[in-house]
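One structure below.
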Amino acid sequence: MKATIRLANESDALKMLAIYAPIVRETSISFEIEPPSETEFERRIQNYQQQMPWLVCEINGELLGYAYATPYRTRAAYQWSVESSVYVNVEYRRKGVAKALYTSLFGLLQLQGYYNVFAALA
């Protein structure tokens with residue numbers, strides 16, 4: 001089976017939430033207390049994707065994981081900096097999904113002219 005990495009769209013929100021919601025509820029790594037609603041997640045994809053990529057990795061329609069970039073800070077000096085996140089389905093962790101997503105994400109960000117990618121670790 002061959003994995004595909006593509007731009008996320010709003011119809012991916014429910015599958016992305018299936019990966020993200022347990023991370024929010026069961027760990028401290030997401031920096032959220034409650035999982036967002038499907039509508040809120042759709043809004044995030046739509047709003048941020050206007051400037052920065054949100055990517056999904058899938059095989060035969062099954063979403064294995066996703067990665068995205070968001071603005072890092074609002075001050076002008078940070079205009080070429082972003083924050084990144086990656087989340088992978090528990091069944092596909094440690095199988096190269098996050099690496100493939102980050103490689104693709106960083107390549108796109110470089111093409112867009114971003115120089116710095118930050119990640120917050122919990």
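By convention here, the first residue in the shown sequence is residue 1.
- Enclosure of atom CG in Leu111 by more than 12 non-hydrogen atoms of other residues, nucleotides or ligands within 6.0 angstrom is indicated.
- In terms of hydrophobic clustering, with Ile, Leu, Val, Met, Phe, Trp and Tyr side chains grouped at heavy-atom distances under 4.5 Å, Leu7 and Leu105 are assigned to a common cluster.
- Screening residues 58-82 for salt bridge (Lys or Arg N to Asp or Glu O under 4.0 Å) gives Arg6-Glu58 as the qualifying pairs, with residues at least two apart or on separate chains.
- Looking at Tyr68 and Ser84, their side chains never come closer than 4.5 Å, going by heavy atoms from C-beta outward.
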Please report the C-alpha distance between Arg44 and Asn47 in whole Å, then the side-chain angles of each, then the deciding distance to 0.1 Å, and finally whether the side-chain contact (heavy atoms from CB on, under 4.5 Å) criterion is met.
CA-CA 5 Å; Arg44 291 178 189 185; Asn47 288 345; over 6 Å; no
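- Scanning both residues, Trp54 and Ala69, for their nearest heavy atoms gives NE1-O, 3.5 Å.
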Test Asn89 against Leu63 for side-chain contact (heavy atoms from CB on, under 4.5 Å), laying out the working first.
CA-CA 8 Å; Asn89 181 314; Leu63 202 115; over 6 Å; no
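- Enclosure of atom OH in Tyr48 is not indicated, since only 12 or fewer non-hydrogen atoms of other residues, nucleotides or ligands lie within 6.0 angstrom.
- One distance of note links CG of Leu101 with CZ of Phe106; it measures 10.5 Å at 0.5 Å rounding.
- The closest side-chain heavy-atom distance from Phe41 to Pro35 is not below 4.5 Å.
- The shortest distance between side-chain heavy atoms of Asn116 and Val82 does not fall below 4.5 Å.
- Counting heavy atoms from C-beta outward, Val88 and Leu64 have side chains that stay 4.5 Å or more apart.
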Go through the steps to decide whether Leu108 and Leu55 satisfy the test side-chain contact (heavy atoms from CB on, under 4.5 Å), and finish with yes or no.
CA-CA 10 Å; Leu108 288 171; Leu55 304 176; 3.8 Å; yes
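- Aromatic ring pairs are classed by plane angle as parallel below 30°, tilted from 30° to 60° and perpendicular above 60°; the pair Tyr66 and Tyr87 is tilted.
- Under the 4.5 Å side-chain criterion, counting only non-hydrogen atoms from C-beta, Pro71 is not in contact with Gln79.
- Checking side-chain atoms of Gln112 against main-chain N and O of Trp80 turns up no donor-acceptor pair under 3.5 Å.
- The two atoms that bring Gly61 and Lys15 nearest to each other are O-NZ, 2.8 Å, heavy atoms only.
- What you find for Val56 and Ala8 is that their closest heavy atoms are CG1-CB, 3.8 Å.
- Rounding to the nearest 0.5 Å gives a distance of 11.0 Å between OH of Tyr115 and OG of Ser81.
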Under the side-chain contact (heavy atoms from CB on, under 4.5 Å) rule, what do Met52 and Tyr114 come out as? Steps first, then yes or no, please.
CA-CA 10 Å; Met52 295 162 200; Tyr114 292 102; 3.5 Å; yes
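- With a 4.5 Å cut-off on side-chain heavy atoms, Lys2 and Ile59 do not count as touching.
- The structure places OG of Ser28 at 12.0 Å from CD1 of Ile33, a figure rounded to the nearest 0.5 Å.
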Cut-off 3.5 Å, no hydrogens considered: what does the side-chain donor-acceptor table look like for residues 16-24, sequence neighbours left out?
unit_1, atom_1, unit_2, atom_2, d
Tyr20, OH, Glu32, OE2, 2.5

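- Two residues are said to be in side-chain contact when any heavy atoms from C-beta on lie closer than 4.5 Å; Leu109 and Val117 meet this criterion.
- At most 12 non-hydrogen atoms from other residues, nucleotides or ligands lie less than 6.0 angstrom from CD of Gln110.
- Side-chain contact between Val90 and Arg93 is present, with at least one heavy-atom pair separated by less than 4.5 Å.
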